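From a predicted model like this one, the values you see are computed outputs, not experimental measurements. Chain A is the first sequence line, chain B the second, and so forth, proteins listed ahead of strands; every chain is numbered from 1.
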2 protein chains.
Amino acid sequence: MGWYNRAMETSANTKVPDPGAGGSPPSAPRWLNEEERATWFAFASVLLRLPGALDAQLQHQAGISHFDYIVMSTLSESPGRTLRMGSLAVMAESGLPRLSQVVGRLEKRGWVTRTADPTDGRSTLASLTDEGWEKVVETAPGHVEEVRRLVFDPLTKAQLKRLNELSRRIMITVDPEDRCLR
Amino acid sequence: MGWYNRAMETSANTKVPDPGAGGSPPSAPRWLNEEERATWFAFASVLLRLPGALDAQLQHQAGISHFDYIVMSTLSESPGRTLRMGSLAVMAESGLPRLSQVVGRLEKRGWVTRTADPTDGRSTLASLTDEGWEKVVETAPGHVEEVRRLVFDPLTKAQLKRLNELSRRIMITVDPEDRCLR
DNA sequence: ACCCATCGGTTCAGCCTTGAACTAAAAGAA
DNA sequence: TTCTTTTAGTTCAAGGCTGAACCGATGGGT
């Protein structure tokens, strides 16, 4: 049964869209076979729940979101603990509006400061404060532990290798432009 | 460099949290090695961007979110195209408040109806209407095509098998209770 | 020098999600 | 039976995300 492998074809009210009237695919859809379907459901569950689990750990133990952590730790690893908003947005895989809001909140909490770029009046430089550094330092161990618990501990060394390769492959399609500078 | 493998230790302002004062880990953190770190960054990118890509396709071609699609297709595969809200919530991996709102919107659009369960006055039954069925029928091919393009086409058959196994392993840790009824 | 197109960010409005409070029905205890 | 507790959903308020409009700064063309 499933809207991915077309077992529905034999179900009640069978009416299958042959020449795509509303959608995009110009020709007959390539449905998923049973193995692909099972894989997709398992993977989709991970996509749906793992981010929430990571957020929950950081939220409860440090009072910050996963995205907050990404922003601050990225800054902490940059020269002078400083980055232009645009570069930071790329590294954090976010748009500028979102980043602007998040940095605003982090600034209010005293962990980040914004200053105008002296070499280009349009740019804004975001810098991690000492308090921000301290926050990252005390938050990192718990977060890393959670990543390890949820992702690495359940996997064998071989699976880990596969996961890496496989993730890169997928990302190449999802965003071909993405500088994989990480 | 990174807040996962502790290369930061040798960075400016080195001060490493030894006995966790604020976090949870009772002993020294088990940092990630270089391979684990690279894998995590690649995988995190996928977690961050793939859901958005799937949403975008459905939004542009059908005017619904990925979650809307999950809800309606789950109903379409259920006996009588009907499910109790609670069961639907479990299958869609969502909480009841969110589901209630989404079903409310789908109801306004004429794709779902809610009726009281005759056997238990507390329960609500959500059913897919004929229009809802039609919507799923015309949306499915384009969505499946996108899943294939983003996830399966870039992977070899062997990688696909790994992805399945690996996703299940991770889900077992993320949510041990989860009935893997899908 | 001036104008116009573009760039880098911010702000705003609308929508969605999350968690807490709330309602109604069913099950269990006295 | 009556009272209490638990279950199933909904509703409400607060906060976050997305896309569109906006604004100052820059650079390129004339």
Any idea which heavy atoms bring A:Phe67 and A:Ala92 closest together, and the distance? CE1-O, 3.6 Å
Within this structure, what is the CG-to-C1' distance between A:Asp117 and C:dG9, rounded to whole angstrom? 12 Å
Nearest whole Å is fine: how far is C:dA20 P from B:Gln101 CD? 16 Å
Send over the distance from A:Phe67 CZ to C:dT18 P, rounded to a whole Å. 17 Å
Length of the line joining A:Leu88:CG and C:dT10:C1', which is rounded to integer Å: 15 Å
If you compare all heavy atoms of B:Ser100 against all heavy atoms of B:Met85, which two are closest, and at what distance to 0.1 Å? CA-CE, 3.8 Å
Nucleotides 1-8 of chain C: protein proximity per nucleotide (B base, S sugar-phosphate only, - neither; heavy atom, under 4.0 Å): ------BS
How are the rings of A:Phe152 and B:Trp40 set to each other: parallel, tilted or perpendicular (split at 30° and 60°)? perpendicular
Starting at atom CD1 of A:Ile64, determine the distance to atom C1' of D:dG16, rounded to an integer number of angstrom. 16 Å
Parallel, tilted or perpendicular, judged at 30° and 60°: which one describes the rings of A:His143 and A:His66? tilted
Between C:dT10 atom P and A:Arg98 atom CZ, what is the distance in whole Å? 16 Å
Show the nearest heavy-atom pair for residues A:Leu150 and B:Ile170, with the distance to one decimal. O-CG2, 3.7 Å
Under 3.5 Å, is there a donor on one side chain and an acceptor on the other for A:Asn164 and A:Arg168? yes
Exercise: identify the closest heavy-atom pair between A:Ser167 and A:Leu163: OG-O, 2.7 Å
Bending between helix ends of the helix from C:dA1-D:dT30 to C:dA30-D:dT1 [5 pairs per end, 10° resolution]: 10°
Any side-chain donor-acceptor pair under 3.5 Å between A:Gln59 and A:Ser65? no
Using whole Å, what does the distance between atom P of nucleotide D:dG19 and atom CG of B:Asp55 come to? 10 Å
Before giving the answer on side chain to side chain donor-acceptor pair (under 3.5 Å), spell out for A:Arg84 and A:Ser123 the whole-Å C-alpha distance, their side-chain angles and the decisive distance to 0.1 Å. CA-CA 7 Å; A:Arg84 290 179 40 208; A:Ser123 293; 3.3 Å; yes
Whole angstroms only, please: what is the NE2-P distance between B:His66 and D:dC17? 20 Å
Are B:Arg105 and C:dC15 close enough that a side-chain N or O sits under 4.0 Å from OP1 or OP2? no
